[in-house]
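Below, read A as the first sequence line, B as the second, and so on, with proteins coming before strands; counting in each chain starts at 1.
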Number of protein chains: 2
Amino acid sequence: MATIKDVAERANVSISTVSRVVNGTATVAAAKRDKVLQVMAELKYQPNSAARALAGNKTGMLGIVANDLADPFFATLLKGVETEARQAGMQVLAACGHHDAEQEEAAIRSLLSRRCDALIVHSKDIPDQQLLDLLSECPVAVVVNREIPEIADRCIWFDNLAAGYMATKHLLAQGHQNIAWLGRNQNITDNVDRYIGFCNALGQAGIDHNKAYKAFGEATVEGGYQLAYELIRSKSEVTAIMAYNDAMAAGCLRALHELNYKLPDDCSVMGIDDVILGLVVYPQLTTVNYPVEDIGRTAVKKALALLADQQLEMTNHFSPKVVIRGSVASLRKSVLRKSGS
Amino acid sequence: MATIKDVAERANVSISTVSRVVNGTATVAAAKRDKVLQVMAELKYQPNSAARALAGNKTGMLGIVANDLADPFFATLLKGVETEARQAGMQVLAACGHHDAEQEEAAIRSLLSRRCDALIVHSKDIPDQQLLDLLSECPVAVVVNREIPEIADRCIWFDNLAAGYMATKHLLAQGHQNIAWLGRNQNITDNVDRYIGFCNALGQAGIDHNKAYKAFGEATVEGGYQLAYELIRSKSEVTAIMAYNDAMAAGCLRALHELNYKLPDDCSVMGIDDVILGLVVYPQLTTVNYPVEDIGRTAVKKALALLADQQLEMTNHFSPKVVIRGSVASLRKSVLRKSGS
DNA sequence: TTGAAAGCGCTAACAC
DNA sequence: GTGTTAGCGCTTTCAA
């Protein structure tokens, strides 16, 4: 590949002049500039990013560490990050944490070693303090979906408690009382917060959450399927299911179909996350929107602002919004239907 | 961040020695090596990749250009690529083509400028010749899901024709005759090949494909939903629907549910791709497996082999496999059910 | 086994 | 406006 020197020689100018027309850092006589441009095209010159990074002390790269790139959730986050980064002329370097503390650390380290100008980090498995240590090596780091008090201004998270609360409220508003919680059997904060929101909403409605129906399992379609199948067979009085996330809710719908429930009248199902799965199932899922792509974009904006030393005030906290589709029915209908059949 | 010089000074050795222990390129006296290692840890030394790339003329980066990172299909491809790359100690640089020729070219150029050691390219919108030109700038490039005669040995693709053929055969084997094709209204090769496979299978069964039921629209859940809804209302004699992909098939199932069809008995639905959507819907989708993750991994392996100048013979062509789940019923059942209701 | 030194391709002063 | 030059942090001969 051609270098800046090749271009300079062929265009009869110095390398600085070439550098100037490439970067637009200073005015260059029109004639020379045109000549340089022409030679660049002839030689298919592409500046060497490594050399640039070394000399200029910035790489133009934005690192992102996520858990699993194939997961729709992370894929959407990545998309948001990529979109925003590209607009700023930056490239995205992706590394996978694979839901494992050691690999998460390795991922961050490798990104650090690449001297990304900024890092967007989604990490659940590394403890706060260790994460702080790691990130202290990085000029700019924004943490996504996690709130670390020491760097709260560089965190962006979703209000999971409000999500659980609002979702449950929606179910209660439709008249449901016998609401089951289909939870995740892993104590990450998302899960705990959503569950607390659920309990709060029940409590406010005068329902003792200790007596509520609950089942815990894997936060996957399959997990939701199995839990719901068991639950419904033993507790047919349940009229609504509040699932930890859309994946579980989707599994839940499948279980109900298999049990020949007529949906949504025989049983309502509510999810949280608002991922594409919810549009695919029948009935389409009533859920709570989790603006992942937005979060990704905001994270990049924040990182960029930090890089530019701007004290740009921006929300670092996203609120949930109920998305009404077809999987929740009002209790009245459900009861009528049940007594009629 | 600490540099190699810092480490050298503090460890009382030359930078060459540090370089040697970092890279293991030559034996270093045990005592010195330990000292260097210790200082490296103290200083949290991370080699600067840009400097390394510049001096060593290799970046350790693998570039991938895909269309839409949030699309489950590309996300899975990316995952395969990342997994394999990481095992080889390489990092993945992702760029998005956004289904647009110009942006695809920009994506490739930016990856080129980063001096990725190898490129994995998924591109549908750039014409063959132009793509060849672009890729000629790159030491190693592997093209995925596309067959370009000039570089056939560096292409990896899926046999879409066989996929359409096998899927349709499966439907025919269940006794279906009135099979509708739910196609994509865009002439990319995937679509055309699958459709030809469909026609071939019908032809072999003595059915004139010109008289077959067909509808074309967007290759999305929504597209499948709309097409199926219209089609079924006007052509109730259709007993099976062959969809271009799983997304359309999923939309199709939703339409049938809304029309109060009992699935799969009243109408069978078959997809192609075998993405996660198929596990979420009810009934779960009978489809044809498209081993994307495998393709991603194989692409990386091929790229790595090319980098190492190995003439590693490997398949560059993946064959489809039917995945039987719940969305296809045998015609007999369907007919019985129809006449009974 | 070790160190000195010459680049890799570029940016950013600094002179003119 | 333009050219000269000193690095950026590393790898890799080449001597010792």
Side-chain angles (χ1 to χ4, degrees), chain A residues 1-37 39-40 43-61 89 91 109-110 112-117 137 139, chain B residues 1-37 39-40 43-61 89 91 109-110 112-117 137 139:
Chain A
M1 277 209 136
T3 70
I4 198 172
K5 212 173 140 194
D6 299 330
V7 177
E9 278 170 11
R10 188 138 166 190
N12 279 316
V13 297
S14 73
I15 58 167
S16 332
T17 302
V18 178
S19 175
R20 285 180 191 117
V21 352
V22 169
N23 299 297
T25 33
T27 41
V28 172
K32 293 206 175 184
R33 200 197 50 220
D34 291 348
K35 178 69 183 166
V36 169
L37 253 18
V39 173
M40 277 171 49
L43 264 35
K44 297 187 186 180
Y45 170 67
Q46 299 274 1
N48 181 321
S49 309
R52 252 183 171 168
L54 193 55
N57 201 31
K58 58 178 194 278
T59 56
M61 291 198 305
Q91 206 112 50
R109 280 197 191 288
S110 72
L112 246 30
S113 159
R114 292 282 171 200
R115 299 292 191 280
C116 292
D117 294 336
E137 299 290 312
Chain B
M1 274 209 140
T3 72
I4 198 172
K5 211 173 142 196
D6 300 330
V7 177
E9 278 170 11
R10 186 136 166 192
N12 278 315
V13 295
S14 73
I15 59 167
S16 327
T17 301
V18 178
S19 175
R20 285 179 192 115
V21 351
V22 169
N23 299 297
T25 34
T27 42
V28 171
K32 292 204 175 185
R33 200 197 52 220
D34 292 349
K35 179 68 183 166
V36 169
L37 253 18
V39 173
M40 275 170 52
L43 264 37
K44 297 188 187 179
Y45 171 67
Q46 299 275 359
N48 180 319
S49 308
R52 248 181 173 170
L54 191 55
N57 201 31
K58 57 178 194 283
T59 56
M61 291 198 305
Q91 206 112 49
R109 280 197 190 288
S110 72
L112 246 30
S113 161
R114 293 281 172 200
R115 299 293 191 279
C116 291
D117 294 335
E137 299 290 313

message: Just to be sure I understand the rule, does B:Val22 reach a base, reach only the sugar-phosphate, or reach nothing, if contact means heavy atoms closer than 4.0 Å?
response: nothing
Do A:Arg33 and D:dG1 share a donor-acceptor pair, side chain to base, under 3.5 Å? no
Is the shortest side-chain N/O distance from A:Ser14 to OP1 or OP2 of D:dT4 below 4.0 Å? no
- Keeping the roles fixed (side chain from A:Asp117, backbone from A:Lys58), state whether a donor-acceptor pair exists under 3.5 Å. no
Heavy-atom nearest nucleotide on DNA chain C taken for B:Thr27 and for A:Leu54; more 5' hit belongs to B:Thr27
In whole angstroms, the gap separating C1' of C:dC10 from CD of A:Gln46 amounts to 15 Å
_Base C:dG9 to side chain B:Arg115, donor-acceptor N/O within 3.5 Å cut-off_ = no
Atom CG of B:Leu43 and atom P of D:dG9 are separated, to the nearest Å, by 13 Å
Between CZ of B:Arg20 and C1' of D:dC14 the distance, given in whole Å, is 11 Å
A:Asn57 atom CG is separated from D:dC10 atom C1', nearest whole Å, by 15 Å
Taken to the nearest whole Å, NZ/A:Lys5 to P/D:dT5 is 14 Å
Q.
Below the 4.0 Å mark, does D:dG3 have OP1 or OP2 next to a side-chain nitrogen or oxygen of A:Lys32?
A. yes
### Query
Looking only at atom types and distance, does a side-chain atom of B:Ser113 sit under 3.5 Å from a main-chain N or O of A:Gln46, one as donor and one as acceptor?
no
Quick note, A:Ser16 side chain, CB onward, closest among C:dG3, D:dT2, D:dT5 is D:dT5
Counting the atoms with a prime plus P, OP1 and OP2 as sugar-phosphate, which does B:Thr3 contact under 4.0 Å by heavy atoms, base, sugar-phosphate, or nothing? sugar-phosphate
Exercise. Examine C:dT11: is either OP1 or OP2 under 4.0 Å from a nitrogen or oxygen in the side chain of A:Asn23? Give yes or no.
Key: yes
Rounded to whole Å, the CD1-C1' distance (B:Ile15 to C:dA5) equals 9 Å
Classify the side chain of A:Thr25 versus the base of C:dA12 as yes if they form a donor-acceptor pair under 3.5 Å and no if they do not. no
Between the CG atom in B:Asn48 and the CZ atom in A:Arg114, the distance rounded to the nearest 0.5 Å is 10.0 Å
5'-most contact on DNA chain C (nearest-nucleotide basis), B:Ala29 vs A:Met1, goes to B:Ala29
Rounded to whole Å, the CG-C1' distance (A:Asp6 to C:dC8) equals 13 Å
Regarding the side chain of A:Asn48, the nearest nucleotide among C:dA5, C:dG3, C:dG9 is C:dG9
The reported gap from OG1 in B:Thr3 to CG in B:Leu43 (rounded to nearest 0.5 angstrom) is 8.5 Å
Per atom distances to the A:Ala55 side chain, the nearest of C:dT11, D:dT12, D:dG3 is C:dT11
When rounded to whole Å, the NZ to C1' distance for the pair B:Lys58 and D:dT11 reads 9 Å
Winner on side-chain proximity to B:Ile4, out of C:dT11, D:dC10, C:dG3, is D:dC10
(message) Between B:Asn23 and B:Arg20 (side chain of the first, backbone of the second, donor and acceptor by atom type, cut-off under 3.5 Å), is there such a pair?
(response) no
- Looking just at side-chain N and O atoms, do B:Arg52 and B:Asn57 make a donor-acceptor pair shorter than 3.5 Å? no
